[in-house]
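Can you keep this structure in mind? I'll have questions shortly.
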Number of protein chains: 2
Amino acid sequence: MNKEAIKKQFKDFVKRKGLKFTSQRESILEEILNVKGHFEIEDMVKRIKEKNIPVSRATVYRTLNILKEMGLVNEVIKYKNKTIYEISLKQHHDHLICTKCGSIIEFSEEEIEKLQDKICKEYGFKPETHRLEIFGICKNCR
Amino acid sequence: MNKEAIKKQFKDFVKRKGLKFTSQRESILEEILNVKGHFEIEDMVKRIKEKNIPVSRATVYRTLNILKEMGLVNEVIKYKNKTIYEISLKQHHDHLICTKCGSIIEFSEEEIEKLQDKICKEYGFKPETHRLEIFGICKNCR
DNA sequence: ATGGTTGCAAAATGTTTGCAATGGC
DNA sequence: GCCATTGCAAACATTTTGCAACCAT
């Protein structure tokens, strides 16, 4: 999906909720779309400050919450008391996190998804999202 | 494993590291052993305060870090910016977390563990711990 | 006696919020 | 013009830390 289509999707979502499509929200979305992989909010704030885009930290946090609700970004990892997000355009995947260098490697495994569904059924649990994080030492750091 | 054995194990670990086995550390460990399931640090602090055990918040945090390093407790969940711990005596398991009532259900699935090992091998990644959290709505809340 | 440990309060970190001014629609 | 939104700073929540007094070994 291209950027314009996503932007429109966001605009529609916002309007449907009776909210407004402001220049700040647009800027934040654009910045997020520029990032390929994962990001932390504080990095996003810094990036925005560096580009002199007039958006405050509070607005970044508030917009991220809307985007999360909309499902365009996912809270993927909680590590060292920080939340790391990613844009959720790709197929679902999970993460290997190197405890030495902090690098994050993505993987996806259809089998694991299936097993999770099976388990949820067993417990009468209706899954919304999930997060599988494997912590360890990556190839480079070994 | 019984409490005394665990306590000894902790004592040995601490000494091996050139640290000291203090009454505060002992009290904290005892309190943790009294809890069956999961706990948040602040709850632990409250519990300790209520029992008039002379241990400060800072010491609870510091001791938890030692216990985590030792592998006796695991950071199991990061949810709403809180860390939830559990004692890691039982077999490894993962969690279903109800986003409505906050209840945590444990499950374990041998197959998932195996698949994770397989993936780590593929990536040359040496796993240390992992965390699988499935968020959704539990049976009761549906 | 030595050097790790404690409690305290202050600081650090990440995130949320109240409020007056602003700006979509 | 209405009402959501913004920026700011203050508030919050969780966790860490500097330091002087303390205590296990």
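On a predicted model such as this, the values are computed, not experimentally measured, just so you know. Chain identifiers are assigned alphabetically (A, B, ...) following the order of the sequence lines, protein sequences preceding nucleic acid strands; residue numbering begins at 1 within each chain.
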Any donor-acceptor N or O pair under 3.5 Å, side chains B:Glu86, B:His38: yes

Can A:Lys17 and A:Glu69 be counted as an ion pair, charged N to O under 4.0 angstrom? yes

Enumerate the residues from residues 57-69 of chain A whose closest heavy atom to DNA chain D is under 4.0 Å, giving them by residue number; use none for an empty result. A:Ala58, A:Thr59, A:Arg62

Taking 5' to 3' order, which nucleotide of DNA chain C is first and which is last to have an atom within less than 4.0 Å of a heavy atom in chain B? C:dG3 to C:dT15

Show which side-chain atoms of residues 123-130 of chain B pair as donor or acceptor with protein atoms under 3.5 Å away, not counting sequence neighbours.
unit_1   : atom_1 : unit_2   : atom_2 : d
B:Tyr123 : OH     : A:Glu106 : O      : 3.4
B:Glu128 : OE1    : A:Thr99  : OG1    : 3.2
B:His130 : ND1    : B:Gln116 : OE1    : 3.0
B:His130 : NE2    : B:His92  : NE2    : 2.8
B:His130 : NE2    : B:Gln116 : OE1    : 3.4

Does B:Ile137 sit in a hydrophobic cluster with other residues, and if so which ones, taking ILVMFWY side chains as linked at heavy-atom separations under 4.5 Å, directly or through other members? none

Name the stems that DNA chain C belongs to, where each is three or more consecutive Watson-Crick or G-U pairs with both distances under 3.5 Å? C:1-25 with D:1-25

Starting at the 5' end of nucleotides 20-25 of chain D, put B wherever the base has a protein heavy atom under 4.0 Å, S where only the sugar-phosphate does, and a dash everywhere else. ----BS

I need the CE-P distance between B:Met44 and D:dT15, as an integer number of Å. 13 Å

Return the 5'-most residue of the pair B:Val55, B:Gly18 with respect to DNA chain C, ranking by each residue's nearest nucleotide. B:Gly18

More than 12 heavy atoms of other residues, nucleotides or ligands under 6.0 Å from NZ of B:Lys49: yes or no? yes

Is the closest side-chain heavy-atom distance between A:Glu30 and A:Lys7 below 4.5 Å? yes

Between atom SG of A:Cys120 and atom CD1 of B:Ile105, what is the distance when rounded to the nearest 0.5 Å? 9.0 Å

Value in whole Å for how far the P atom of D:dT6 lies from CD1 of A:Ile48: 12 Å

Straight-line distance of A:Asn2 CG to A:Lys8 NZ, nearest 0.5 Å: 12.0 Å

B:Glu42 with B:Lys82: basic N within carboxylate O range, under 4.0 Å: no

Please check if A:Leu115 and B:Phe135 belong to a single hydrophobic cluster, counting links between Ile, Leu, Val, Met, Phe, Trp and Tyr side chain heavy atoms closer than 4.5 Å. no

Indicate yes or no: at least one non-hydrogen side-chain atom of B:Ile112 is less than 4.5 angstrom from one of A:Ile119. yes

Reported CD1-to-NZ distance for the pair A:Ile32 and A:Lys3, which is rounded to 0.5 angstrom: 11.5 Å

Ion pair check, A:Lys114 and A:Glu111, cut-off under 4.0 Å: yes

